[in-house]
Number of protein chains: 2
Amino acid sequence: MAQHKSPQRRPSIHDVASHAGVSAATVSKVLAGVTTVKPENAQRVFDAVEHLGYRVDPLASDMRRAKRRIIGAIMPEFESEFFGQMVTELEGLAEQRGYTLVAASSRESEARETEILARMHDWRVAGVVLAPVRNEHGPAAAFMKSNGMTGVLIDRVLSDDAFDTVSADSAAASAEVARMLVGKGHGHILVIGLAEQAATVRARLEGFRTQALALNPSVRIDVITSEVSVEPLRSSLRDYFARGERPTAVYSLLLKGTLVALSEFRRRDWHCPNDISLVGFDDAEWMQVTWPAIAAVVQPVRQIASEAMTLLFRRIEGAEGPPTARLEPCQVLMRESVGSPGNGPHPGGGDRQQPPLS
Amino acid sequence: MAQHKSPQRRPSIHDVASHAGVSAATVSKVLAGVTTVKPENAQRVFDAVEHLGYRVDPLASDMRRAKRRIIGAIMPEFESEFFGQMVTELEGLAEQRGYTLVAASSRESEARETEILARMHDWRVAGVVLAPVRNEHGPAAAFMKSNGMTGVLIDRVLSDDAFDTVSADSAAASAEVARMLVGKGHGHILVIGLAEQAATVRARLEGFRTQALALNPSVRIDVITSEVSVEPLRSSLRDYFARGERPTAVYSLLLKGTLVALSEFRRRDWHCPNDISLVGFDDAEWMQVTWPAIAAVVQPVRQIASEAMTLLFRRIEGAEGPPTARLEPCQVLMRESVGSPGNGPHPGGGDRQQPPLS
DNA sequence: ATGAAAGCGCTAACAC
DNA sequence: GTGTTAGCGCTTTCAT
């Protein structure tokens, strides 16, 4: 039980040393677990530590070290469940190994991403977990490379020639979605996404398309993507429907797209799954309580986080060898938003017909 | 433009000093913006800095300072939009002032909360923004107090005798919800919440009850809360409905409760707003795209964050005086999940009747 | 087995 | 104005 917690100056290693009647160096050794210290002295040190409520100052301790026990994490945003969980996991994993995690949000900006990275470099972080805004070929990864930083790239990446990468197996998951949709008889499917996240989105798209066409060569797959942000995507989608296109199912390659799709369905008073089916990449808690529940691809957050940290620490400890590119399997959650085409009312070119509600 | 970015040893202040032909102390002064340096020398320093690509090591720099330029942030979780946005805001605000934000999730555990705080104390953070799991009277705040840490308490707090507090004006927002619900003719309303977050939840409950009864003394207000976590709440709610209770509206005092309410409505095939109305504390992006859109109280995240940081830095800079307790106004977003009672089918004790969907 | 000494990279007094 | 001198709190040779 710690006592003497004076709100003022915290005890330093010297206080412990003098209290234990040994030198600071010995205290340091004892606390580092060096076994060559006389047990009796070690015990005195432990007693002094407890008595004074001494705790190592990680900042001072890191000063003398080559690599500081800090891990940087850069996520595109913190607002979604996916990245929120990711940060939580990474934090726990870092803490387990005695490291402090410093997380920052790039707010979907590559410029900010590099600035943050520079700041983390200033801190001499031991390693970085970067979830790039776009993909592994952006300026952030380049910065890390040219500054000899050690890191792991996650999420919107496929593989890299300098860093280990870990991401969800988008292609496989998308193929499974294709199997389900085509299996249910959907012959005209719209896929929506943001193209900037090139690597991942392309993988998702290709995985889907390949599997769908393999199962039914005559299936029609339309694609709407936006280069920039989510609003252009909304307009494109609106135009697409306005010109009378009537797919029986929509597959959104990202969460924001799922939201956009739902809101456009609302505008037109279309209900899932009778009027149209919907599947989205990325699950969220609300998707199982809405009416209808929304089918979704669940990314294995914990596995990605844990694999990323394992690889990262391996590199921090000096592991050599070519970078690895891990793909973690996803789970596809079929829910009520997916039905068979032609089962519901599905009025021809039907536009809005009634006020919303119920 | 920085050059000579050797991936190896980064230039130190001494490298800059010798390159500029001055002492390290002078470099330090120039970089700190001290004006008593000969302009010519200052320029040589800047040149050297640019030439070498020198950047201050914040860790080393903090060593000599009393307060380190680090702010700690502890949130109950990162997975919800509210806390995700909060961290993003806090991070930006800290960065603006040249501070690094270290964020950690207490994962809704008071024990972990204190551990994190202890670790942050080890780092000698200049200040802490704590969003306590329960309220301002928990062990975390006590720890801060007894260790003389400076901090601000946010979100699940009302006021404290040692720390400034900033939170949403739950009571006022709840009163507004009451006005809307009672105004629409609801005479039997169920309020659900988690009681542990005592301070805030009680404020919300009382704000609601007081206003509702003022408007219509005969309104019936049932309350279901759980001490522990969300699952008991679900059971209680299920029991409540199972025993035939049939309020015309539900007001959830927290996001998880809204989710639970929706999923229980689903179980019974009740639709909003025809079968029952719903309003939730805490808005989320999905609430406006689901069918129906869910009415919600929006907390002013940015204002809370900005006010908290302002107060915190004032204290860090040594401001004295009694702690303040700020309440930031919320916005109530009425949406389709709220209707007038008796407008829809609303079958008496009606249990499930049809398969779900549309 | 232990301690003295020398820093890590930087800043703050205090001379000059 | 500027440099010298001392450290911040800790770790790490390297004598002893």
Side-chain angles (χ1 to χ4, degrees), chain A residues 6 8-46 48-49 52-70 98 100 119-126, chain B residues 8-46 48-49 52-70 98 100 119 121-126:
Chain A
S6 105
Q8 299 316 356
R9 199 178 70 81
R10 291 180 50 143
S12 83
I13 199 171
H14 294 107
D15 299 321
V16 177
S18 64
H19 210 93
V22 296
S23 77
T26 303
V27 175
S28 179
K29 280 169 190 152
V30 171
L31 265 30
V34 173
T35 53
T36 63
V37 177
K38 197 188 333 180
E40 184 193 313
N41 279 341
Q43 193 50 53
R44 306 192 58 180
V45 167
F46 287 129
V49 164
L52 299 171
Y54 171 75
R55 299 191 122 223
V56 179
D57 178 343
L59 191 145
S61 157
D62 273 352
M63 276 294 288
R64 285 287 286 151
R65 276 179 224 279
K67 292 281 189 175
R68 293 169 181 177
R69 284 158 314 173
I70 305 174
T100 297
R119 226 170 305 128
M120 291 188 167
H121 189 211
D122 294 344
W123 275 97
R124 269 75 155 174
V125 296
Chain B
Q8 298 318 355
R9 199 178 70 81
R10 289 181 52 144
S12 83
I13 199 171
H14 293 107
D15 299 321
V16 177
S18 65
H19 210 93
V22 297
S23 78
T26 302
V27 175
S28 179
K29 281 170 190 152
V30 170
L31 266 31
V34 173
T35 53
T36 62
V37 176
K38 199 191 328 182
E40 186 193 311
N41 278 341
Q43 192 50 55
R44 304 193 58 180
V45 167
F46 287 129
V49 164
L52 298 171
Y54 170 75
R55 299 191 123 225
V56 182
D57 178 343
L59 192 145
S61 157
D62 274 350
M63 276 294 289
R64 278 296 277 149
R65 275 179 225 279
K67 292 282 189 175
R68 293 171 180 174
R69 285 159 314 174
I70 304 174
T100 297
R119 228 171 301 127
H121 190 212
D122 295 344
W123 275 97
R124 270 75 154 173
V125 295

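Protein chains get the first letters and strands the later ones, always in sequence-line order, with residue 1 at the start of each. Every value quoted in this text rests on a predicted model; they were computed, and no experiment measured them.
Comparing A:Ser61 and B:Gly21, the nucleotide of DNA chain D nearest to each residue sits closer to the 5' end for B:Gly21.
The closest side-chain heavy-atom distance from A:Asp15 to A:Tyr54 is not below 4.5 Å. Residues B:Lys29 and B:Val22 fail the side-chain proximity criterion, which asks for heavy atoms closer than 4.5 Å. Between A:Arg55 and B:His121, the closest side-chain pair of non-hydrogen atoms is not below 4.5 Å. Side-chain contact check for A:Leu59 versus B:Arg124: every heavy-atom pair is 4.5 Å or farther apart. Using a 4.5 Å heavy-atom cutoff, the side chains of A:Val56 and B:Asp122 are not in contact. At a threshold of 4.5 Å between non-hydrogen side-chain atoms, the residues B:Arg44 and B:Asn41 count as touching.
Atoms CZ (B:Arg64) and C1' (C:dC14) sit 13 Å apart, rounded to a whole Å. One can place CG of B:Asp62 at 15 Å from C1' of C:dA12, the figure rounded to the nearest angstrom. Atom pair A:Asp122:CG and C:dC8:C1' shows a separation of 16 Å (rounding to whole Å applied). The CD1 atom of A:Ile13 sits 14 Å away from the P atom of C:dA4 (whole-angstrom rounding). Atom CZ of A:Arg124 and atom C1' of C:dC10 are 11 Å apart (whole Å). Distance A:Gln43 CD to C:dA1 P: 17 Å, rounded to the nearest Å. Atom C1' of nucleotide C:dG9 and atom CZ of B:Arg65 are separated by 12 Å, given to the nearest angstrom. For the pair A:Trp123 CH2 and C:dC10 C1', the computed distance is 13 Å after rounding to whole Å.
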Cut-off 3.5 Å, no hydrogens considered: what does the side-chain donor-acceptor table look like for residues 60-67 of chain B, sequence neighbours left out?
residue: B:Ser61; atom: OG; partner: B:Arg65; partner atom: NH2; Å: 3.1
residue: B:Ser61; atom: OG; partner: B:Arg69; partner atom: NH2; Å: 2.6
residue: B:Asp62; atom: OD1; partner: B:Arg69; partner atom: N; Å: 3.3
residue: B:Asp62; atom: OD1; partner: B:Arg69; partner atom: NE; Å: 3.1
residue: B:Asp62; atom: OD1; partner: B:Arg69; partner atom: NH2; Å: 3.3
residue: B:Asp62; atom: OD2; partner: B:Arg69; partner atom: N; Å: 3.0

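Minimum interatomic distance between A:Val27 and A:Ala17 (heavy atoms only, all atoms of both residues): CG2-CA, 3.6 Å. Residues B:Ala42 and B:Val30 share a closest heavy-atom pair of CA-CG2, 4.0 Å.
The stretch residues 23-38 of chain A touches DNA chain D through A:Ala25, A:Ser28, each having a heavy atom under 4.0 angstrom from the strand.
Taking every nucleotide of DNA chain D with any atom under 4.0 Å from a non-hydrogen atom of chain B, the first and last of them, 5' to 3', are D:dG1 to D:dG9.
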